[in-house]
Each structure stands twice: as structure tokens, then as C-alpha cells.
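What follows is a single structure, written as C-alpha cells, with notes after it.
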Amino acid sequence: MAIRVASMEFHRSTPLLPGGRGKPCFRKPLFVQAKRLGGLEKADARQRGTQVSGQPKKRAPLTRGTVSAPLPVPGNIPRPPYVGTKDAPEISKEIQMHDKESIVHMRAACELAARVLQYAGTLVKPSVTTDEIDKAVHKMIIDAGAYPSPLGYGGFPKSVCTSVNECMCHGIPDSRELQDGDIINIDVTVYLNGYHGDTSKTFLCGEVDEAGKRLVKVTEECLLRGISTCKHGASFKKIGRRISEHAERHGFGVVECFVGHGVGKVFHSEPIIYHQRNNRPGQMVEGQTFTIEPILSMGSTDCDMWDDGWTAVTTDGSLAAQFEHTILITKTGAEILTKC
């Protein structure tokens, strides 16, 4: 689940319209993210990306569905400390470091998150609603004795984030049906035995056009290239440089306002991981865990925020895709903890 950085400048556009578009993304100091399977009426791929080969299929703009009530969690399942509070907690300054004992718990949380995400992807097909995906994900998580981390985080009402087409991240599951040709990012985070495991993937729904397939493929490649730079002593800024190089080579833009983060006992902590070129200081340390979760857009990398306070969409309706892994830094590289 990504967080939003307040230091970036955001596109200032029109006030929220009935169809769903709205407020520029500069409202709260920072946010979070998650995602997948359900409804969405016609998502928009408005032609954009003259650098991108193949004409994206025309879609209607993303519209809202009905959001059902939050799902219950059995009382015996431990909750993260932010549950029951209205505001999202500040980003912790505590670096998430692990010894032999804690990494066992971290691996277990991440492995569960990966399995839940893999299962959620099997549900993606035309006519399925994102609310149905949320219910299935919720059940799998609580059946494993874990808590769905997004639920109640800063008031987020669902157990997973489902971001369709032009939605960059933090889409709220609702009654809309997925359409043939949509792309959807599902962001899963679980809280198991006191540790968070965080991962996401963009899935294809039905027959997706070549431009959409290419965006999804390149976004996943960007994530893997970013991870390949990681090891003890490496500079964090190498991640953004490697991702930007690959995205630009294929004519896509990297969204700057949502970033990766440290994760472990705390859901969101330092270090902040920038996915674009940057000169931020800092080096990776063996034993620390954090997420890398680039978002690429076929067009504008600016975002508008819906008045639900969460749904972030591209200002021009261009398709956006995201992939995320939680990784552990080792002496010689990085171990992907959320890989099935």
C-alpha cells in the first residue's frame, strides 16, 4: 500500500464532478494504498501516449459504484494499533530492521499476502465486482488468522484496494462490474503475528488491447529493475533512476506523488522510496525491509483525488498500472518476500 508525499506539487484542476473526477491530490499530508476484482463500469483509456505503440482502446471514464459496509473481523484476531482511530498515523521514523526471529514472522506475513494476491487475481473477469473481490480477500485473510491492514487505516472502509484503469491507487471496492478490456491493480496487505506483508499487482480483465498489455508489462519490469539495484550499502536513489530509465525508454511516465516505504511491525515507516530520478540521501542496510511500488501512466502523471479522500486518478484519464513487492536487504542483494 503506497503512501503519498506532501512535498510534491500536485495538479490543480476542476472541482469534483458527478462522474467521479475531482480534487487535485494535495489534500492530506500522506496517504496509503491497496486493490482488486470487482466492479467498475467503463474505465477510461483516453488516447494518450503518442510515444506508446498501438492505439489504446477508448473507454468511458471510471465511475463510482455503491460501497458496502466494512466487513467484520473476529475478535480474537489482533488488530494493528491504528484500528479504531480516524486519522492515518504519521510515517514512522523507525527503520524496520530484522533479526533471525523477526524475519521468520515477516516472511510469514509476506508469504500470506502473496498467496492472497495470487488468489485475488483468479477472480478478475468481466462482470465481477470489486466488492466481490474484497469479500473473497477478506475471508481468506481472516481464515488465516490475520487482519487486512487497509481496513480502518485512516478510515479506509475496505480490506483491499482495487484500482481500475485510470485509477493510480487506493481505489475503494464497490458494486461496479469489471468490463472486458479493463486493467485492475489489487493491493493486498496483511497483519499477521504483529507484522505487515504488503504487495500488489496489475491484472488484465478479459481481452486487453496491446497498449494496455504493454503498460502492464513494462510496469512490472520497472519494479524488478528497481529491486535489482538493491543490496547492503546501495544508494536508495538508484531505485528511482533505474525505474525512470526503463519507463522513459518505453514512452511511459513515472508517477511521483506516491512512494514506497519501510514496512514490518509498522505499516508505513522510513525509508521513503522514490520511484523517479531523485537526489535523496541514504543507503540500504542489511536486514531492513521496505516496499518498492512504481506506478506508470500512459499519459499524465498528475492526479486528481475523488471526494472519498482515497481514489487517485490520472488527470487526463490515461491508463495507469502498478506493481509492488516487499523486499529484505541482504549483503549481496535483495530477497523478494512477497513472491509466490
Kindly compute the distance separating [atom1] ([X]) from [atom2] ([Y]), expressed to the nearest 0.5 Å.
X: Gln322; Y: Cys222; atom1: CD; atom2: SG; answer: 12.0 Å
X: Asp198; Y: Thr326; atom1: CG; atom2: OG1; answer: 5.0 Å
X: Ile329; Y: Gln283; atom1: CD1; atom2: CD; answer: 12.0 Å
X: Thr199; Y: Glu111; atom1: OG1; atom2: CD; answer: 12.0 Å
X: Ser163; Y: Ile295; atom1: OG; atom2: CD1; answer: 8.0 Å
X: Cys167; Y: Asp182; atom1: SG; atom2: CG; answer: 12.0 Å

Any sub-3.5 Å donor-acceptor pair from [X]'s side-chain atoms to [Y]'s backbone N or O?
X: Thr202; Y: Ala321; value: no
X: Lys158; Y: Ser68; value: yes
X: Asp174; Y: Val67; value: no
X: Arg214; Y: His250; value: yes
X: Thr314; Y: Ser318; value: yes
X: Glu293; Y: Ala2; value: yes
X: Tyr147; Y: Leu151; value: yes
X: His232; Y: Glu286; value: yes
X: Glu324; Y: Thr291; value: no
X: Ser175; Y: Thr66; value: yes

From CA spacing to verdict: side-chain contact (heavy atoms from CB on, under 4.5 Å), Phe252, Met298: CA-CA 5 Å; Phe252 298 119; Met298 202 176 282; 4.1 Å; yes
Would [X] end up clustered with [Y] when hydrophobic side chains under 4.5 Å apart are linked, directly or stepwise?
X: Ile77; Y: Phe156; value: yes
X: Val313; Y: Leu178; value: yes
X: Val160; Y: Leu71; value: no
X: Ile273; Y: Leu328; value: no
X: Val188; Y: Leu337; value: no

side-chain hydrogen bond (donor to acceptor under 3.5 Å, both in side chains) between Thr315 and Asp304, intermediate numbers included: CA-CA 6 Å; Thr315 57; Asp304 287 338; 5.6 Å; no
For a 4.5 angstrom cut-off between non-hydrogen side-chain atoms, does [X] reach [Y]?
X: Pro61; Y: Glu166; answer: yes
X: Thr301; Y: Cys257; answer: no
X: Val266; Y: Glu94; answer: yes
X: Arg280; Y: Ile272; answer: no
X: Phe290; Y: His261; answer: no
X: Lys213; Y: Leu204; answer: yes
X: Ile142; Y: Pro74; answer: yes
X: Tyr153; Y: Phe267; answer: yes

Pair Glu132-Lys135, salt bridge (charged side-chain N to carboxylate O under 4.0 Å, His left out): steps then yes or no: CA-CA 5 Å; Glu132 290 174 290; Lys135 288 176 180 175; over 6 Å; no
Ring pair (Phe, Tyr, Trp, His ring centres under 6.0 Å) partners of Tyr191, counting only residues at least two apart: His196
If you look only at pairs with a residue in [range], which of them pass as a salt bridge (Lys or Arg N to Asp or Glu O under 4.0 Å), with sequence neighbours excluded?
range: residues 216-243; answer: Lys217-Glu221
range: residues 136-149; answer: Lys139-Asp143
range: residues 259-272; answer: Lys93-Glu270

So which atom in [X] and which in [Y] form the shortest heavy-atom distance, rounded to 0.1 Å?
X: Ser300; Y: Met168; result: O-CE, 4.4 Å
X: Leu112; Y: Ala146; result: CD2-CB, 3.6 Å
X: Met106; Y: Thr289; result: CE-OG1, 4.0 Å
X: Pro148; Y: Val73; result: CD-CG2, 4.3 Å
X: Gly212; Y: Leu319; result: CA-CD1, 4.1 Å
X: Cys230; Y: Gly226; result: SG-O, 3.5 Å

CA sep, side-chain torsions, deciding dist, call: Phe236, Thr229, side-chain contact (heavy atoms from CB on, under 4.5 Å): CA-CA 9 Å; Phe236 287 110; Thr229 69; over 6 Å; no
Test salt bridge (charged side-chain N to carboxylate O under 4.0 Å, His left out) applied to Lys125 and Asp180, step by step: CA-CA 7 Å; Lys125 50 183 65 104; Asp180 185 62; over 6 Å; no
Qualifying residues under side chain to side chain contact (heavy atoms under 4.5 Å, CB included), relative to Asp99, sequence neighbours excluded: Glu101, Ser102
Met284/Ile239 under side-chain contact (heavy atoms from CB on, under 4.5 Å): CA gap, chis, key distance, verdict: CA-CA 11 Å; Met284 303 168 207; Ile239 297 171; 3.8 Å; yes
Heavy atoms from other residues, nucleotides or ligands near CD of Glu245 exceed 12 (cutoff 6.0 Å): yes
Intermediate values then yes/no, side-chain contact (heavy atoms from CB on, under 4.5 Å), Glu335 and Ile327: CA-CA 5 Å; Glu335 178 185 347; Ile327 65 171; over 6 Å; no
Geometric class of the His98/Tyr195 ring pair [parallel <30°, tilted 30-60°, perpendicular >60°]: tilted
Pairwise side chain to side chain donor-acceptor pair (under 3.5 Å) hits with a residue in residues 78-87, at least two apart: none
